[in-house]
Amino acid sequence: MRTVTSHNKAAMLLASRYLLLCIFAAFFLFPIVFMVVSSLKPDDQLLRDTSSLRAFIPYGDISLDNYKGVFDRVPAGRFILNSIAISSLTVGLGLVVNSMAGFALSRVRFRGQKVLLSLIIATLILPLEAIAIPLLMVVTELPTISISDGFEITQGWLNTYHVQILPFVANAFSIFLFAQYFSSIPKELDEAALIDGASWFQIYRKVAVPLSGPAFATVAILTFLPIWNGYLWPLLVVQQEDIRPVMLGVAYFFQLDVAWGEIMAYLTLITIPILLIFLAFQRAFIESVASSGVKG
């Protein structure tokens with residue numbers, strides 16, 4: 001009898017915890033639900049409903065006209081493709097560069113290793129806003145090789161795709177996370193591989209990388225988000241419309257007449273890739289943070 005009672009109490013406690021978590025999750029989902037529902041309403045109904053719970057209910061004059069209006073007002077498809085290309089290349093190059101740096105700082109012993117890692121971590125205190133202007137002055141002086149009209153070298157990286165990619169490939173937090181995760185892998189594997197004649201690069205590629213899937217997924221998510229959501233840097237370095245990312249497209253809707261339904265539709269379109277990326281890697285992300293993200 002006591003066993004049954006204890007089981008019932010445990011089940012009730014677990015149910016209450018899940019209920020509490022669902023309530024908290026609902027609060028976080030409210031902005032997304034409001035955005036999606038508002039994207040289906042005309043502006044007059046949208047503005048009337050914002051003062052009540054009807055803002056979260058898809059009712060009334062529901063249609064996809066706002067989504068059609070998005071593509072009529074801005075080249076949304078081009079902006080989305082640009083951001084997908086820029087984010088994907090930044091993530092791909094960042095995974096290679098940062099994982100190799102993290103592996104060297106955690107597995108290969110050399111003089112000044114801890115000092116170098118400390119200096120890399122120290123750069124985290126510098127926000128982009130603090131270094132944007134110096135970085136802009138640097139990229140305006142760098143050479144660009146053009147092969148579209150023959151081999152030609154010009155000055156400056158402005159209005160190019162690579163100016164939106166290369167400055168953000170190396171990332172201090174990604175290097176630190178990789179270093180922390182690689183340090184949790186038993187070093188006996190390195191010793192065994194070295195005895196078998198493997199080089200450090202072979203150890204990185206055949207031992208460390210296959211065992212570090214959660215770390216790679218975490219870095220992919222944490223790299224993708226700021227690049228996809230970037231606004232300040234593209235605003236400074238990109239003036240040509242055909243290479244602009246999605247966030248610069250938001251400003252188009254505040255020119256002339258403001259269409260709130262179209263704004264919500266555009267925000268819904270550019271939020272979908274972020275949700276898909278997180279849903280695809282959420283298990284590995286949670287595993288990485290829980291297992292090694294706080295190890296020192």
### Query
Any donor and acceptor pair, going by atom type alone, linking the side chain of S88 with main-chain N or O of A85 inside 3.5 Å?
no
#### Entry: Side-chain (W157) to main-chain (P143) donor-acceptor, under 3.5 angstrom
yes
### Query
Below 6.0 angstrom between ring centroids: does that apply to F178 and F216?
yes
### Query
In Å and rounded to the nearest 0.5 Å, what is the CZ to CG distance from F56 to L29?
11.0 Å
### Query
Side-chain heavy atoms under 4.5 angstrom apart, residues restricted to Ile, Leu, Val, Met, Phe, Trp, Tyr: same cluster for I32 and L276?
no
### Query
Out of curiosity, does V96 fall in the hydrophobic cluster containing I203 (side-chain heavy atoms, cut-off under 4.5 Å, transitive links)?
yes
### Query
With a 4.5 Å heavy-atom cut-off, do P234 and M247 have their side chains touching?
no
### Query
Pick one: which of I84, L269, T271, I270 meets side-chain contact (heavy atoms from CB on, under 4.5 Å) with V246?
I270
### Query
For the hydrophobic clusters of this structure (ILVMFWY residues joined by side-chain heavy atoms under 4.5 Å, transitively), does one cluster hold both V36 and L279?
no
### Query
Is a side-chain N or O of R244 found less than 3.5 angstrom from the main chain of Q239, in a donor-acceptor match?
yes
### Message
To check you understand the geometry: which heavy-atom pair defines the closest contact between A132 and L236, and what is its length?
### Response
CB-CD1, 4.0 Å
### Task
Indicate, with yes or no, if L194 and L211 share a hydrophobic cluster defined by side-chain heavy-atom contacts under 4.5 Å among Ile, Leu, Val, Met, Phe, Trp and Tyr.
yes
### Query
Parallel, tilted or perpendicular: which describes the rings of F79 and Y252, with under 30° parallel and over 60° perpendicular?
perpendicular
### Message
Please determine whether side-chain contact (heavy atoms from CB on, under 4.5 Å) holds for the pair W233 and V163, giving the CA-CA distance in whole Å, both sets of side-chain angles, and the decisive distance to 0.1 Å.
### Response
CA-CA 9 Å; W233 182 249; V163 75; 4.1 Å; yes
### Query
Hey, does the side chain of D196 reach the backbone of A198 with a donor-acceptor pair shorter than 3.5 angstrom?
no
### Message
Could you go through N159 and I243, starting from their C-alpha distance and side-chain angles, then the distance that decides it, and tell me whether this counts as side-chain contact (heavy atoms from CB on, under 4.5 Å)?
### Response
CA-CA 7 Å; N159 293 316; I243 60 174; 4.2 Å; yes
### For D43, all residues meeting salt bridge (Lys or Arg N to Asp or Glu O under 4.0 Å), sequence neighbours excluded
none
### Task
Assess whether atom CG of L53 is packed by more than 12 heavy atoms of other residues, nucleotides or ligands within 6.0 Å.
no
### Query
Tell me, which pairs form a ring-ring contact (aromatic ring centres under 6.0 Å, His included) where one or both residues lie in residues 87-136, sequence neighbours left out?
F103-F182, F103-Y204
### Query
If you round to the nearest 0.5 Å, how far is CG of L95 from CE of M100?
13.0 Å
### Query
Should F173 and V219 count as side-chain neighbours, where that means a heavy-atom distance under 4.5 Å?
no
### Query
Can V207 and Q202 be said to form a side-chain contact (heavy atoms from CB on, under 4.5 Å), step by step?
CA-CA 8 Å; V207 177; Q202 289 175 322; over 6 Å; no
### Query
Between the side chain of Q45 and the main-chain N/O of I62, is any donor-acceptor distance below 3.5 Å?
no
### Message
Closer than 4.0 angstrom, basic N to acidic O: yes or no for D49 and K41?
### Response
yes
### Task
Compute whether any side-chain donor of one residue and acceptor of the other, for N82 and Y161, lie under 3.5 angstrom apart.
yes
### I274 side chain reached by F224 side chain, heavy atoms, under 4.5 Å
yes
### Message
Please check: side-chain N/O of R78 versus main-chain N/O of E241, any donor-acceptor pairing under 3.5 Å?
### Response
no
#### Entry: Rounded distance (nearest 0.5 Å) linking atom CG of L19 with atom CD1 of I23
4.5 Å
### Query
With the 4.5 Å side-chain cut-off for hydrophobic clustering, are Y231 and V250 part of the same group?
yes
### Heavy-atom pair with the smallest gap, counting every atom of L136 and V139
O-CG2, 3.2 Å
### Exam field: side chain T223 to backbone A220, donor-acceptor pair closer than 3.5 Å
no
### Query
How many angstroms lie between NZ in K187 and OG in S106, if you round to the nearest 0.5 Å?
7.0 Å
### Task
Would you confirm whether N98, through its side chain, and S174, through its main-chain N or O, come within 3.5 Å as a donor-acceptor pair?
no
### Summary
The reported gap from CZ in F168 to CD1 in I86 (rounded to nearest 0.5 angstrom) is 10.5 Å
### Query
Which pair of heavy atoms, one from A55 and one from T50, lies closest together, and at what distance?
CB-CA, 4.1 Å
### Query
What closest approach, in Å, do P186 and R107 show between heavy atoms, and which atom pair accounts for it?
O-NH2, 3.1 Å
### Query
Looking at F253, W260, F254, which hits ring-ring contact (aromatic ring centres under 6.0 Å, His included) with Y266?
F253
### Query
L124 and F176: side-chain contact (heavy atoms from CB on, under 4.5 Å), yes or no, with the steps?
CA-CA 10 Å; L124 291 173; F176 172 69; 5.6 Å; no
### Task
List in chain and number order the residues that pass salt bridge (Lys or Arg N to Asp or Glu O under 4.0 Å) with D72, two or more places apart in sequence or in another chain; answer none if no residue qualifies.
K68
### Query
What are the two closest heavy atoms between S212 and I185, and how far apart are they?
OG-CD1, 3.7 Å
### Task
For the residue pair R109 and Q113, confirm or rule out a side-chain donor-acceptor distance under 3.5 Å.
yes
### Euclidean distance, I272 CD1 relative to I80 CD1, rounded to 0.5 Å
8.0 Å
### Query
Can you find a heavy atom in the side chain of L105 that is under 4.5 Å from one in the side chain of I120?
yes
### Atom of G249, atom of V74 and distance for their closest heavy-atom approach
O-CG1, 4.3 Å
### Message
Less than 4.5 Å apart, side chain to side chain, heavy atoms only: is that true for T140 and L158?
### Response
yes
